[in-house]
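For reference, the structure is listed below as structure tokens.
In what follows, every chain begins at residue 1, and chains take the letters A, B, ... in the order their sequences are listed.
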Amino acid sequence: MEDVKLMKGNEAMAEAAIRAGADAYFGYPITPQSEVIEYLMHERPEDRTGMVVLQAESEIAAIHMVYGAAGAGKKVMTTSSSPGISLKLEGISYMAGSELPCLIANVMRGGPGLGTIQPGQSDYFQATKGGGHGDYRMPVLAPSTVQEMADFVGLGFDIAFKYRNPVMILSDGAIGQMMEKVYLPDQQERLSDKEVIKKYGSWATTGKTEDRERNIITSLELKSERQEKHNEHLQAKYRKIEENEVRFEEIKCDDADFVLVAYGSSARICQKVVDMGRKKGIKLGLLRPITLWPFPKKIINELADNSKGFLAVEMSAGQLVEDVQLAVNGKVPVTHYGRMGGMIPSPGEVLVAVENELKKIG
Amino acid sequence: MEDVKLMKGNEAMAEAAIRAGADAYFGYPITPQSEVIEYLMHERPEDRTGMVVLQAESEIAAIHMVYGAAGAGKKVMTTSSSPGISLKLEGISYMAGSELPCLIANVMRGGPGLGTIQPGQSDYFQATKGGGHGDYRMPVLAPSTVQEMADFVGLGFDIAFKYRNPVMILSDGAIGQMMEKVYLPDQQERLSDKEVIKKYGSWATTGKTEDRERNIITSLELKSERQEKHNEHLQAKYRKIEENEVRFEEIKCDDADFVLVAYGSSARICQKVVDMGRKKGIKLGLLRPITLWPFPKKIINELADNSKGFLAVEMSAGQLVEDVQLAVNGKVPVTHYGRMGGMIPSPGEVLVAVENELKKIG
Amino acid sequence: MAKVRGAVVIDTETCKGCDLCVVACPTDVLKLNETLNAKGFNPAYPANHDACTACTICALVCPDMCITVYQFKPEKTAV
Amino acid sequence: MAKVRGAVVIDTETCKGCDLCVVACPTDVLKLNETLNAKGFNPAYPANHDACTACTICALVCPDMCITVYQFKPEKTAV
Amino acid sequence: MTEEIIIAGFGGQGVLSMGKILAYSGIMQDQEVSWMPSYGPEMRGGTANVAVILSDDRISSPILHEYDTAIILNQPSMDKFESMVKPGGLLLYDPNGIFHHPTRKDITIATIEGAKEAALINRKTFNMIVMGAFLKLHPIVNMKNIHKGLEKSLPERHHHLIPLNEKAINVGMEKVVVVNKI
Amino acid sequence: MTEEIIIAGFGGQGVLSMGKILAYSGIMQDQEVSWMPSYGPEMRGGTANVAVILSDDRISSPILHEYDTAIILNQPSMDKFESMVKPGGLLLYDPNGIFHHPTRKDITIATIEGAKEAALINRKTFNMIVMGAFLKLHPIVNMKNIHKGLEKSLPERHHHLIPLNEKAINVGMEKVVVVNKI
Amino acid sequence: MTTAVITPEDIIKKGKIVFKKTKNMTDKNLSYCPGCGHGVAHRLVMEVVEEMGITQDTIGVAPVGCSVLAYEFMNIDMTQAAHGRAPAVATGIKRVFPEKYVFTYQGDGDLAAIGTAETIHACNRGENIVIIFVNNGIYGMTGGQMAPTTLSGMKSSTSPYGRVVETMGYPLKITEMVATLPGVCFATRQAVHEAKYVRKAKKAIRKAFENQKENKGTSIVEIVSNCNSGWKMSPVQSNEWLEENMLAYFPLGDIKK
Amino acid sequence: MTTAVITPEDIIKKGKIVFKKTKNMTDKNLSYCPGCGHGVAHRLVMEVVEEMGITQDTIGVAPVGCSVLAYEFMNIDMTQAAHGRAPAVATGIKRVFPEKYVFTYQGDGDLAAIGTAETIHACNRGENIVIIFVNNGIYGMTGGQMAPTTLSGMKSSTSPYGRVVETMGYPLKITEMVATLPGVCFATRQAVHEAKYVRKAKKAIRKAFENQKENKGTSIVEIVSNCNSGWKMSPVQSNEWLEENMLAYFPLGDIKK
Ligand SMILES: Cc1ncc(C[n+]2csc(CCOP(=O)(O)OP(=O)(O)O)c2C)c(N)n1
Ligand SMILES: Cc1ncc(C[n+]2csc(CCOP(=O)(O)OP(=O)(O)O)c2C)c(N)n1
Ligand code: SF4
Ligand code: SF4
Ligand code: SF4
Ligand code: SF4
Ligand code: SF4
Ligand code: SF4
Ligand SMILES: [Mg+2]
Ligand SMILES: [Mg+2]
């Protein structure tokens, strides 16, 4: 019980970054995630591990600082919330294009525009389909507890470095602001350049030594033939990630007649809905995607063989639901229940929505 | 034949903007669309119609100049290419959130990152699913000829003002750079503030006269209940657009056994594929979405009843194909043929892909 | 010469009890009330109203525009 | 006193015929060749090579680093 | 056992930290806990509230629309939360500054003169007095765990204040008055 | 009738404007046309090419991988485009600067000493001489429409140069040499 | 003495009003913290607009920051702008409405951090607008993080041990910087925490709007203000701290006129 | 006279090499237009890095612009950066590698337009980096559009009738601007179109890297250069035009040292 703490999701993420042996964090304040940089500044990680923390002049500057430091082979992180993430998209596309590992957290609020600072889940498409330009993908981890806010930092870095690709933690204001019991991971040592090279190869701008060709970080290729080769390489990598990195949690899906699909905060609420429904005799299950991309397509398609329908529950007008539809591919009806603008659905209203669906299906 | 010209797609778009009675254009150079601002600067539209043209310090500044001028009730336009559009996404989300009409053209190049300046179609998701944060949508028009580059400017402005929503023209480097014969529309008068008010109501920041409450352009609502109402209003509007504004072209779909789905440059290529296929006795059809959002879901679903399969052809790793899958909803197989990185598929290779699909389907 | 006299009306429901007018008043007219208004603030009031000279200083520094200042210039003949 | 002598070697395939070295050379050593190189440029060459003083000016202004400059200082005793 | 609590009042009343101490005390007795605040750039002096759950099982939804207990410290919070107490639940409030007293008959209603009592000890102990009152009625954590909770949630330089806080808790336990018993 | 042409050479050779005049001439005889250039921040003196289509019908793909005619003005373009001429098609080139001459037997091959001839009239007429050579072999537009095409594609201040251009076209028509006839 | 018998109540009845809230402010209660300088700055802008008789022709632009809700309080047509982009938004409006009055109302985080490029380029183009720049040395709205203008050694939620200029940057005098641009016709630094400053600040704002009337280019009026919440002081303390510390680094007065 | 009999061939054989291409440049042919100043600027940076013996410790950052392919030519580890963001990218690298040498190589469109905020804030933080700023008064790569540094009246593809400063903005002296920041230890303006300028420019670049060695903060070396393609002149003409027009507005010399 040594390292059990009561922490906000944002703080847990920040502490986990220090403990994951992150080398640097660059960020810019925005509600509801400013606690991340505040916590880090307060903790003086430069003293604890030598980790660099810098408040940038903007989200754009922050993501490009990440780009620079990641290109130097370092474990780097940035966090923001919806409008700030929109600003980072060019940079994220650059990182994907030049195959740089990094961790980006979006603690979502309700949009569009300035919107509200209350929690939202309306950046799902942006995160999973590539909000930035070009054909890129990034693994998207969706924590639904403060514990996962901490755990997914280390996991995220691992995936990022394994595939040399940006990874996103897609959270929301509720998870970011709430406190829960969290078991903090052990402190990892920061890796030296030599260790990085040994573990992941020598591709970073660490200074061109005589024993190797210069390392270049770039996403540019003026020759289309070569750019296409590069794209094919990226796509092959994405297929590999789709094979290896799908993560999800099944809650009472085994015998479920009807399956809820929800992630993050909404998944917490749906857990309660499952309990409430089962008490009423409705055989409900919950499929919680942990990776939103790669999406747990296969399991959903399989569940479709034994269930009457799916309801995607999300704090948005309907984004996740499209991936569920794609996975189910017409086998059974897939519908959507959503709240917007910072509103969080109550378990009760979701249960009503389920009952209505079941009536329709008959 | 008075106004038949041989023009680049980019130039046709610029000339059409002057003729549509646009009030202002704000932009920033980027290949392959810099001809738009170059043409405008050369044409001195301030003398021709009083239209303002300004080179902004960045894409971000440009979109926010558009935001300001659009909020003043004016017909305003900006253009860019993929990385520049990524930078505009926060602004686009703001415009959608505060319900401002405007026209944004993306003359796509291959990504991700800096990528290549050659044509691409890999910003489909970004355009149609809302690359920016929050639940917003914007009508997306996909020209496949220089003529349409001109025609969609007027159409785009009409849709933008009808629904008070940003509209995107999603083109690519090939259409932007090529010249074709184009019949230019007649010059429209620029509207005075009074005419705008009469036509579209008084919502813009034209100066608060004593006979009305002040007009406010904002996307902020701190109270979630009210923000949700606003979102519901937006969603209702989007449903209306989906009902009214779907546009597509059917080429030999009537008796088609197999249907290609493609837009923009790819649709031009697929036109040739249809001819080549029919010559070989393959009953091919082409469904060309003109609006990518709202997507011609219904017609595709109907075509699925009489065809053996669909092939989405696009200059990307597979984006349009998801919308085709969602539309077909499992009725028949939907596959994808794509080139990337600035490469343009040849009609011949697409035909081979079709033949392979047909073999698989049997 | 007739002394110029002043008076203030303070919108106590709008007042946030920031104390700035109290500190600013050169003739110590104002004080904060012990009892809270509905929003939970101790609003300012003219505790020493007669000393008011209508100098408007309090109103100039009040961020919430709670203060209206009245001025009365007695007729010279009244001296 | 022995005059310092110089010579230049110009990589004519890299040269883009920009003329900058030609204009810069203080002793008019260089000229552009009439015949094109493979890239379609008229490359520079030392038309008046003996006049070269190894001052390196041409090399300093050449954007394409086509020029190598050699210097020869005759022995003093040789005068 | 699961206890779902809403604590609501003005910004400066120690609402959030009362919730935090409760949550930490829960952890000390090996429970699952969650603490979900309202957040935002509210004007200082505006309302603040936090939903706290202590449970022996995994907590599903940390966001609630009805509560076992509501601890109410100003009028706007009373207006908002009275109706959200589950039938049979508890509504505890400080009558100071309350104009419309609760009227429900299907819940236990209790008062604690927290502000008044705190004025006698130390204004800053207000929230602990209220917490004591609550714990008297719903003894969901014992004093030992509260002590540990205080230790965990207060920064070390404030640990010397723990006895004072405990005293305040005891005062609350003494002074709570049940107005409506069901 | 549909004629699909690639014109390729160095940047300064007037490749793009030759294509433009051809396309405009097509418009003048009520045809559909398309003009698709290679583009990009190529080093000046780098290669440039344009695909031009004139057709009586709607033009489907403006991007081609084989052509009825290739007009080749430097070696890199020869390397790239020789193989893309349709069997039975035409390859016209200026032998000046060509080290590897075309070897295909299934296409018509013709040469025009454009650079040499232009040196005699005016260096700027180079591309018109080449165009004349092409039109002699594939008379897809008549002189009247070329005249109109020139009028349309040249800015008014250059209209006095039209006679010179027409002269160059005639020179090209005269001087073209068919090397391989199929 | 007749004065003796005149009660304050009499004065209120019979006297003339020498100060009252401008009609250009709405009836909404300001959402700012008690004692926050934003209220005074709002009022001064609206008074100038009223006094110049240009209420119907004035359009305001307020980006995010505590004053994001300025449109609730200023009774004119207004546009909320994205963080940092107000000068671009104002450019868009002014270019299509050259005859109207356009101003931005920006915080220091907004204008001098994320919005640096937009600020400098609007000034460099000499956009004929007024920039009201409320410099409180901190990000007020988001909870008191360090701004580019945070003083050396000053604590904020992201410089909890004080700003270390060597790693976090120096407090930025952006008004001095833009004053060097030919497009800027007027750059001044004012304050509103005491009556004497308030009077001067109003004159400066008036001058800025007059400049716009006369098509002179960009006018920037910096107002050094408090953020008692972010600074964690009472309003009265914060004004004292402002006087002693902020004004020492950000001296008041015209920088370019 | 013995000299008479020595042929150039002899000299090449026997003489000592007084100028040759630095090993820090790769063998690739530069992709720049004939006569473009980028080549000289590249060479000088690489020569300094070679002469200081820091090749293994130097990381370059080149954003888009004609020099986007600098990584093809400079034989060191390099990062291509997004338009305008090189100073942020360099910050990221330098913060994790404080002991290494980091420089940016940016055009005027990049550094002074879209990248204004990143430039100013890197300078304001005094990031211990070198900024090489090639000012050719135009957007070379995209085909000669107007840059912030385009001179008044100068034609470009987006100011085809000449830059009108009143509506398009004034040519921006950004080096002077950042020189006012305390984080900047050295700001200088140089040229490379004549040998005498080349020598001075190299000294300035050397000084900038020495500053980085000594942890002095940000050094910015502006190099006024040509863009004969964008300016639509021959290389020789463009250098004359540069001397007469560009240097009149952008005078050479140290601005801060
Ligand atoms: C793109 C973006 N990034 C960050 C934010 C969060 N944010 C809102 S206001 C603000 C700074 C406010 O500070 P300032 O401009 O100084 O105004 P003040 O509140 O101090 O008056 C920030 C960072 C945002 N809304 N949008
Ligand atoms: C976000 C973005 N916007 C625009 C561009 C297009 N672009 C590439 S380089 C450039 C400007 C180049 O000018 P400069 O920085 O002066 O460099 P130069 O080519 O003159 O050396 C522009 C606008 C881009 N690549 N990315
Ligand atoms: S008007 Fe002057 S004297 Fe009267 S209360 Fe206000 S500050 Fe005091
Ligand atoms: S200054 Fe205004 S808000 Fe503050 S105490 Fe005085 S009247 Fe109240
Ligand atoms: S080294 Fe000097 S003298 Fe010799 S060619 Fe070059 S410039 Fe002329
Ligand atoms: S300067 Fe260099 S590239 Fe130019 S002509 Fe001389 S040798 Fe050739
Ligand atoms: S947080 Fe600061 S700036 Fe914002 S309203 Fe409060 S005191 Fe004013
Ligand atoms: S376009 Fe201009 S800057 Fe670019 S390489 Fe050519 S001359 Fe140099
Ligand atoms: Mg501030
Ligand atoms: Mg430039």
Side-chain angles (χ1 to χ4, degrees), chain G residues 83-85 87-88 91 94-96 98 108-129 146-152 159 163-185 187 215-218 249 255, chain H residues 83-85 87-88 91 94-96 98 108-129 146-152 159 163-185 187 215-218 249 255:
Chain G
H83 194 27
R85 317 308 175 191
T91 298
K94 185 71 185 185
R95 291 281 174 140
V96 297
D108 47 331
D110 187 81
L111 180 142
I114 189 171
T116 307
E118 287 76 12
T119 302
I120 285 179
H121 285 278
C123 288
N124 191 49
R125 287 188 305 265
E127 294 296 339
N128 191 28
I129 57 172
M146 184 178 64
T149 47
T150 299
L151 298 181
S152 174
S159 59
R163 181 178 192 152
V164 181
V165 294
E166 290 77 17
T167 57
M168 300 172 175
Y170 295 81
L172 188 64
K173 295 185 182 178
I174 195 156
T175 306
E176 273 85 347
M177 247 179 131
V178 297
T180 65
L181 297 170
V184 172
C185 64
N215 265 298
K216 285 192 176 169
T218 314
Y249 190 82
I255 296 160
Chain H
H83 194 25
R85 318 307 175 194
T91 299
K94 185 71 186 183
R95 292 283 173 138
V96 296
D108 46 331
D110 187 82
L111 179 142
I114 190 171
T116 308
E118 287 76 12
T119 302
I120 286 179
H121 285 279
C123 289
N124 190 50
R125 287 189 304 266
E127 294 297 339
N128 191 28
I129 58 173
M146 184 177 67
T149 47
T150 299
L151 299 181
S152 174
S159 59
R163 182 178 191 153
V164 181
V165 293
E166 290 77 17
T167 56
M168 299 171 175
Y170 295 80
L172 189 64
K173 296 185 181 179
I174 194 153
T175 306
E176 273 84 346
M177 246 178 132
V178 298
T180 65
L181 297 170
V184 172
C185 65
N215 264 299
K216 287 193 174 169
T218 314
Y249 190 83
I255 297 159

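Of the two parts of G:Leu181, only the side chain, counted from C-beta on, holds a non-hydrogen atom closer than 4.5 Å to a non-hydrogen atom of chain H. Of the atoms belonging to H:Met177, heavy atoms from both backbone and side chain fall under 4.5 Å from chain G. In this structure, chain H has no heavy atom under 4.5 Å from any part of G:Thr119.
In terms of heavy-atom pairs under 4.5 angstrom with chain G, the leader among H:Val178, H:Thr167, H:Ile114, H:Asn128 is H:Thr167. Of the listed residues (H:Gly115, H:Ala113, H:Gly126), the greatest number of heavy-atom pairs within a distance under 4.5 Å of chain G belongs to H:Ala113. Among G:Glu166, G:Arg95, G:Glu127, the residue with the largest count of heavy-atom pairs under 4.5 Å with chain H is G:Arg95.
Looking at every heavy atom in both residues, G:Ala112 comes nearest to H:His121 through O-NE2, 2.7 Å.
The salt bridge (Lys or Arg N to Asp or Glu O under 4.0 Å) test applied to G:Glu176 returns G:Arg189, not counting sequence neighbours.
G:Ile120 has its side chain within reach of H:Ile120: a pair of non-hydrogen atoms, C-beta onward, lies under 4.5 Å apart. When side chains are defined from C-beta on, G:Thr180 does not count as touching H:Lys173, because their heavy atoms never get closer than 4.5 Å.
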